[in-house]
Amino acid sequence: MAEDIMNSEINSSSGEWHGSADTITLDDSAISGLKTNLSHALTALRDMKTYMTEMDSSSVSWSGKAKKTYEDLMTIMTTYQKDYYRAVKALGKVVEGYEKLLNDTPNAKPLKEIDEA
């Protein structure tokens with residue numbers, strides 16, 4: 001069993017950290033690539049929507065059971081495209097917020113410094 005880095009027993013008088021560092025290093029080296037990938041994903045999802053709109057214009061050529069199957073497939077694809085697009089947009093906002101946090105952290109003033117922490 002791995003040793004805990006902090007004694008989590010609430011009634012213990014020993015609440016000290018073991019093996020902690022004096023500084024925390026935050027790495028933003030992957031953010032640029034991540035933002036590029038998210039941009040590409042959004043472009044692909046917009047292209048998908050355009051392609052689906054073009055496909056939908058040919059739905060008049062379907063009939064019977066095949067038409068119902070085609071409509072069901074288009075419903076699934078439309079829902080997938082919308083949901084995935086929203087999720088990628090939301091992830092983009094998270095990445096932007098994380099980047100802002102990393103950029104603003106060096107300028108932040110501590111609320112309270114803890115002696116001998």
Side-chain angles (χ1 to χ4, degrees):
M1 185 161 131
E3 182 179 322
D4 290 335
I5 61 169
M6 182 177 178
N7 183 349
S8 59
E9 174 60 43
I10 195 160
N11 293 320
S12 172
S13 61
S14 170
E16 61 187 275
W17 290 93
H18 300 284
S20 64
D22 290 338
T23 60
I24 297 172
T25 303
L26 301 173
D27 182 9
D28 67 349
S29 62
I31 289 179
S32 178
L34 182 56
K35 288 170 70 174
T36 299
N37 290 340
L38 289 170
S39 176
H40 290 310
L42 290 173
T43 298
L45 288 163
R46 283 190 292 271
D47 292 347
M48 179 183 180
K49 184 177 181 179
T50 301
Y51 180 68
M52 289 172 22
T53 301
E54 292 169 2
M55 283 179 49
D56 200 37
S57 65
S58 66
S59 67
V60 293
S61 61
W62 296 88
S63 63
K65 186 176 180 182
K67 182 171 184 154
K68 174 68 174 133
T69 302
Y70 171 80
E71 289 170 347
D72 290 345
L73 177 61
M74 288 301 291
T75 299
I76 290 169
M77 289 175 57
T78 300
T79 301
Y80 169 82
Q81 188 277 336
K82 286 179 183 176
D83 289 349
Y84 198 19
Y85 187 85
R86 279 193 295 256
V88 172
K89 289 281 279 189
L91 181 56
K93 288 181 181 179
V94 169
V95 170
E96 288 173 9
Y98 180 64
E99 183 178 39
K100 181 174 177 8
L101 174 69
L102 289 177
N103 290 335
D104 290 349
T105 298
N107 301 324
K109 294 183 174 44
L111 297 176
K112 180 177 182 180
E113 300 247 353
I114 302 172
D115 294 329
E116 298 178 27

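Index from 1, following the sequence.
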**OP:** Find the distance between CG (L38) and CD1 (I31) and round it off to the nearest 0.5 Å.
**Re:** 11.0 Å
Original post:
Out of curiosity, Q81 CD to Y51 OH, how far, rounded to the nearest 0.5 Å?
Top reply: 14.5 Å
Original post:
Got a sec, which residues hit ring-ring contact (aromatic ring centres under 6.0 Å, His included) with Y70, two or more places apart in sequence or on another chain?
Top reply: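 So Y70 forms a ring-ring contact (aromatic ring centres under 6.0 Å, His included) with W62.
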**OP:** List in chain and number order the residues that pass ring-ring contact (aromatic ring centres under 6.0 Å, His included) with Y84, two or more places apart in sequence or in another chain; answer none if no residue qualifies.
**Re:** Y80
Original post:
With sequence neighbours excluded, what pairs up with S39 under the side-chain contact (heavy atoms from CB on, under 4.5 Å) test?
Top reply: none
Subject >> Residues that T43 engages under side-chain contact (heavy atoms from CB on, under 4.5 Å), provided they are two or more places apart >> reply: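 For T43 the side-chain contact (heavy atoms from CB on, under 4.5 Å) partners, ignoring immediate neighbours, are R46, D47.
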**OP:** Show the numbers, then the answer: is there a side-chain contact (heavy atoms from CB on, under 4.5 Å) between L45 and K49?
**Re:** CA-CA 6 Å; L45 288 163; K49 184 177 181 179; over 6 Å; no
**OP:** Provide the full list of side chain to side chain donor-acceptor pair (under 3.5 Å) pairs with a residue in residues 86-101, sequence neighbours left out, each pair given once.
**Re:**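 Pairs touching residues 86-101 that pass the test: K35-E99, D83-R86, K100-D104.
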**OP:** Quick one: which residue pairs count as a salt bridge (Lys or Arg N to Asp or Glu O under 4.0 Å) with a foot in residues 60-82, not counting sequence neighbours?
**Re:**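 Applying salt bridge (Lys or Arg N to Asp or Glu O under 4.0 Å) to every pair that reaches into residues 60-82, excluding sequence neighbours, yields K68-D72.
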